[in-house]
Protein chains: 2
Amino acid sequence: MAIAIQDDKTAGKMMLYLAEKYQLELISVDARVTLLEEGEKARRIYFIKEGCLRLWMNSNGKEITNQFFFEGSLVASLESVLTNQPSDFYLESLEKSVLYVLEKERFEQLWEEDAEFKAWFDHYILKRFIYYSKHLLSFLRDKPEERYRNLLQKNPDIFQRVPQHYIATYLGITAVSLSRIRNKVAKTK
Amino acid sequence: MAIAIQDDKTAGKMMLYLAEKYQLELISVDARVTLLEEGEKARRIYFIKEGCLRLWMNSNGKEITNQFFFEGSLVASLESVLTNQPSDFYLESLEKSVLYVLEKERFEQLWEEDAEFKAWFDHYILKRFIYYSKHLLSFLRDKPEERYRNLLQKNPDIFQRVPQHYIATYLGITAVSLSRIRNKVAKTK
DNA sequence: GTAAAACGATAACAATTGTTAAGATCGTTA
DNA sequence: TAACGATCTTAACAATTGTTATCGTTTTAC
């Protein structure tokens with residue numbers, strides 16, 4: 001009896017169902033709004049109804065984008081929420097977004113007392129664990145150009161919605177290098 | 001009320017306590033023994049009492065080391081165990097090792113029925129999740145030389161126990177490049 | 001004990017990426 | 001509307017890494 005890992009669509013629907021079930025507050029934010037600062041303790045988890053956000057950090061004056069999040073995703077500085085440590089990351093909206101808000105206290109209460117929520121959240125952590133292990137592997141195995149090709153194939157929309165220089169640091173390269181790779185790949189096709 | 005993330009020593013002791021509690025079978029394996037092949041479905045989780053192992057994959061004829069595991073660690077192709085899919089990885093002992101064996105069926109039974117085991121395992125997944133997210137970040141943020149310096153500082157023993165060319169692919173570089181970096185860093189000190 | 005394999009250092013050259021700077025385009029804001 | 005900032009491309013050069021090969025040493029296997 002194996003664990004069936006949900007696909008993103010199913011997980012997204014489940015998330016929205018839970019947001020309604022727990023009657024989470026809905027908020028709207030403009031593009032480029034910072035929802036969490038580095039050094040701050042994260043007190044909220046967001047469920048994205050519409051829009052997109054990014055988690056990023058400042059490393060010696062350079063912005064490093066850790067991850068992008070779109071509709072149907074849970075987003076937070078999870079490490080900060082779970083361990084109660086100050087966040088290493090900034091959380092920022094890239095587009096005008098509509099978000100359900102789950103306060104940390106409510107989250108912890110649900111996690112402990114609500115079996116359906118606990119099952120869903122534990123499964124979410126498992127999914128993220130598998131996602132991270134695969135993403136990490138792509139850094140061990142692939143050159144930047146291959147990481148770009150993979151991203152373009154699996155998530156082409158991202159290039160329509162997210163500035164390219166953010167994508168570059170997500171791929172572990174500079175914006176200049178990504179521009180060169182795109183030029184090269186476009187010629188190859 | 002935050003989740004307290006256990007340090008490795010505490011987690012290791014807990015693991016050995018559980019191994020005794022569930023009276024897991026103990027096996028000994030020589031160095032360089034393959035415990036799981038690529039394409040095989042993982043049917044066992046191992047708890048390392050003594051020794052060390054590595055998880056690696058073959059990518060276009062090149063060996064990529066995904067992770068090393070030492071005393072007090074749980075080791076398996078977890079993704080394969082959890083999803084019942086064929087493993088992308090090989091699991092191999094690097095030294096003569098002594099391992100507790102937890103069969104998949106027993107694991108699933110404990111996970112569902114034994115609260116202490118479930119709490120421990122869920123916590124383990126959370127820890128691994130945080131480990132992976134930090135490790136991934138080091139690929140986005142640091143150059144290979146910095147990843148080497150960090151590893152040397154945090155885990156110097158690894159260079160005494162693990163062949164250097166395995167460490168190289170774990171750091172995402174070639175063995176030649178790691179040798180050059182070591183030479184350069186040794187001169188800098 | 002000896003042959004074979006594994007391991008690590010190094011050299012030479014190719015390929016890729018980083019850095020810095022300049023310029024063009026587009027959208028936002030006063 | 002005009003000024004500004006954000007975004008992307010490109011160029012030139014520096015720095016780093018990959019590739020291939022050789023060599024000496026150590027370890028393993030028969």
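Per chain, numbering begins at 1; letters A, B, ... match sequence-line order.
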Q: Given side-chain contact (heavy atoms from CB on, under 4.5 Å), test A:Glu63 with A:Thr169 step by step and report yes or no.
A: CA-CA 8 Å; A:Glu63 286 191 12; A:Thr169 64; 5.7 Å; no
Q: May I ask you to say what A:Ser179 touches in the nucleic acid, namely base, sugar-phosphate or nothing, with a heavy-atom cut-off under 4.0 Å?
A: base
Q. Relative to the 5' end of DNA chain C, which residue comes earlier, B:Ala175 or A:Ile173, by the nucleotide with the nearest heavy atom?
A. B:Ala175
Q.
Checking ring-ring contact (aromatic ring centres under 6.0 Å, His included) between B:Trp120 and each of B:Phe107, B:Tyr22, B:Trp111, B:Phe47, which is the one that passes?
A. B:Phe47
Q. Going 5' to 3' along DNA chain D, which nucleotides are the first and last within contact of chain A (any atom under 4.0 Å from a heavy atom)?
A. D:dA6 to D:dA12
Q: Using salt bridge (Lys or Arg N to Asp or Glu O under 4.0 Å) as the criterion, point out the one residue from B:Arg161, B:Lys13, B:Lys49 that pairs with B:Glu71.
A: B:Arg161
Q. With nearest nucleotides of DNA chain D determined for B:Lys62 and A:Arg182 from heavy-atom distances, which residue corresponds to the more 5′ nucleotide?
A. A:Arg182
Q. Just checking B:Arg32: base, sugar-phosphate only, or nothing, at a heavy-atom cut-off of under 4.0 Å?
A. sugar-phosphate
Q) Roughly how many Å is it from CD in A:Gln160 to C1' in C:dC26, rounded to a whole number? A) 16 Å
Q: Indicate the atoms forming the closest heavy-atom contact of A:Val81 with A:Lys104, along with that distance.
A: O-NZ, 2.6 Å
Q. Taking atom types as modelled and ignoring hydrogens, do the side chains of A:Arg141 and B:Ser59 form a donor-acceptor contact shorter than 3.5 angstrom?
A. no
Q) Nearest nucleotide by nearest heavy atom, which residue falls closer to the 5' end of DNA chain D, A:Val162 or B:Leu178? A) A:Val162
Q) Considering residues at least two apart in sequence or located in another chain, which fulfil the ring-ring contact (aromatic ring centres under 6.0 Å, His included) criterion with B:Tyr132? A) A:Phe129
Q. Is the shortest side-chain N/O distance from B:His165 to OP1 or OP2 of C:dG8 below 4.0 Å?
A. yes
